[in-house]
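What you see is a predicted model, and the numbers here were worked out from it, not measured in a lab.
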Amino acid sequence: MKTPKRIQPLVDDGLVDEVLYQLMSGKEATVYAVRCGEQVRCAKVYKEAMQRSFKKAAQYQEGRKVRNTRRARAMEKGSKFGRKQQEDAWQNTEVDALFKLAKAGVRVPQPYGCYDGVLLMELVTDEKGDVAPRLNDVSMTAEQAVEDHTQIMHYVKQMLCIGLVHGDLSEFNVLVDDYGPVIIDLPQVVDAAANNNAFSMLCRDVRNMSEYYGQYAPELLDTHYAEEMWALFEAGELTTETELTGHFEFSSEATDVDSVLEEIKAAFAEEQERLERISDANED
């Protein structure tokens, strides 16, 4: 196929030899299969800020640190330079997270680098060499659902142990190859200690996974891994060796009605976003 304009510099520099075909196009990026020497990899081309439609971006960016004070001030002022720095930081978040998670033992596509808004990474495939399907397109037995859910909860725990929460984990952001689930799409990853929305995002991530696998193994719907992990995390007791149970003792204190109403509103908004994701995925 014709080489997209954004990938042409990588071809000129010898990082990519040929663009084979488009894998998918979403609200945040367009992904292509590319040949790099004898290997086939992914080239994720991030869309410009004006083209993206990721909702509640400010919630995800809260707590992200910028070491360079000049860049930080420019980003706060919203100058042209600041917007460019903010865009670079948004794009680099995913590649940084991929390197950290791979080191922490979480299965993610292997990253090779980010070049001017184009992320080169591993193409996850099945044993036949075909692109691995998304979890949403996979059916399974109850036994397999429990096994894979346990694996995903382990990955979520490993992420939290290094202070990260995916923030948008669902059946659409997990691939399944012959070795099990692979977590993808991490530009919205949040700092668990610095972001006030981290716990609610963790709960949503875990709920999304439990509800999906719960279609095949209903007992998973009665688990509370997010609350269990977060309580241990806040107490400084969560480690990579922690064995999760999915059980959690909730406080018996009087219920805050206003908080419950806010949670109901948030749950409704999340359900609407989930339906939009399903619609977008079907269009892709």
Side-chain angles (χ1 to χ4, degrees), residues 1-58 60-61 64 66 68 71 74-75 78-102 108-125 129-134 166-168 170 172-175 182-190 276-277 279-284:
M1 65 173 288
K2 181 180 179 180
T3 302
K5 183 178 179 180
R6 295 278 299 282
I7 299 181
Q8 188 59 51
L10 279 69
V11 174
D12 297 338
D13 291 341
L15 295 169
V16 171
D17 293 307
E18 180 185 7
V19 179
L20 302 176
Y21 51 89
Q22 179 178 306
L23 282 169
M24 62 82 67
S25 180
K27 294 181 178 180
E28 318 309 319
T30 302
V31 183
Y32 300 89
V34 299
R35 183 174 62 81
C36 304
E38 296 181 355
Q39 294 185 328
V40 177
R41 296 176 177 172
C42 275
K44 183 173 185 177
V45 182
Y46 293 105
K47 293 183 177 179
E48 300 293 340
M50 295 299 293
Q51 296 177 302
R52 296 198 305 269
S53 57
F54 194 74
K55 297 181 178 180
K56 303 179 182 178
Y60 292 86
Q61 294 170 356
R64 291 185 180 177
V66 178
N68 186 298
R71 291 179 179 176
M75 289 167 67
S79 65
K80 183 176 180 180
F81 173 74
R83 290 194 298 272
K84 174 64 167 61
Q85 295 304 312
Q86 192 169 39
E87 190 70 7
D88 290 345
W90 184 82
Q91 294 170 358
N92 289 328
T93 293
E94 180 163 27
V95 69
D96 290 343
L98 287 171
F99 279 115
K100 289 178 182 177
L101 295 182
V108 293
Q110 180 182 348
Y112 298 108
C114 192
Y115 311 90
D116 294 324
V118 180
L119 171 60
L120 273 182
M121 58 183 170
E122 171 192 6
L123 177 65
V124 182
T125 60
D130 297 325
V131 179
R134 288 183 300 188
H166 187 288
D168 194 36
S170 73
F172 303 106
N173 290 334
V174 175
L175 300 180
V182 181
I183 294 177
I184 62 171
D185 287 341
L186 292 146
Q188 70 294 312
V189 68
V190 301
E276 287 182 14
R277 287 200 299 270
S279 176
D280 292 338
N282 290 333
E283 289 178 6
D284 292 340

Side chain to side chain contact (heavy atoms under 4.5 Å, CB included) involving Ala132 - partner list, sequence neighbours excluded: Val124, Leu175, Asp177

Nearest-0.5 Å distance that lies between atom CD in Glu18 and atom CZ in Arg35: 5.0 Å

Over all atoms of both residues, closest heavy-atom pair of Cys42 and Val34: C-CG2, 4.4 Å

Spacing of Leu20 atom CG and Met1 atom CE [to the nearest 0.5 Å]: 9.5 Å

Set of side chain to side chain contact (heavy atoms under 4.5 Å, CB included) partners for Val11, sequence neighbours left out: Thr3, Ile7, Gln8, Val16

Side chain Arg6, main chain Lys47, donor-acceptor under 3.5 Å: no

Candidate list Asp96, Thr93, Leu101, test side-chain contact (heavy atoms from CB on, under 4.5 Å), partner Leu186, passing option: Leu101

Distance in Å, Arg134 CZ paired with Phe172 CZ, rounded so as to fall on 0.5 Å steps: 6.5 Å

Spacing of CD belonging to Glu94 relative to CD belonging to Glu28, to within rounding of 0.5 Å: 10.5 Å

Side-chain heavy-atom pair Lys44, Pro109 within 4.5 angstrom cut-off: no

Anything under 3.5 Å between a donor and an acceptor, one on a side chain of residues 112-121, the other on a protein residue two or more places apart or in another chain? List them.
unit_1 : atom_1 : unit_2 : atom_2 : d
Tyr115 : OH     : Tyr112 : O      : 3.2

Gln188 side chain to His166 backbone, donor-acceptor under 3.5 Å: yes

Asp168 backbone acceptor or donor facing Asn173 side chain under 3.5 Å: yes

Any side-chain heavy-atom pair of Pro4 and Val45 under 4.5 Å: no

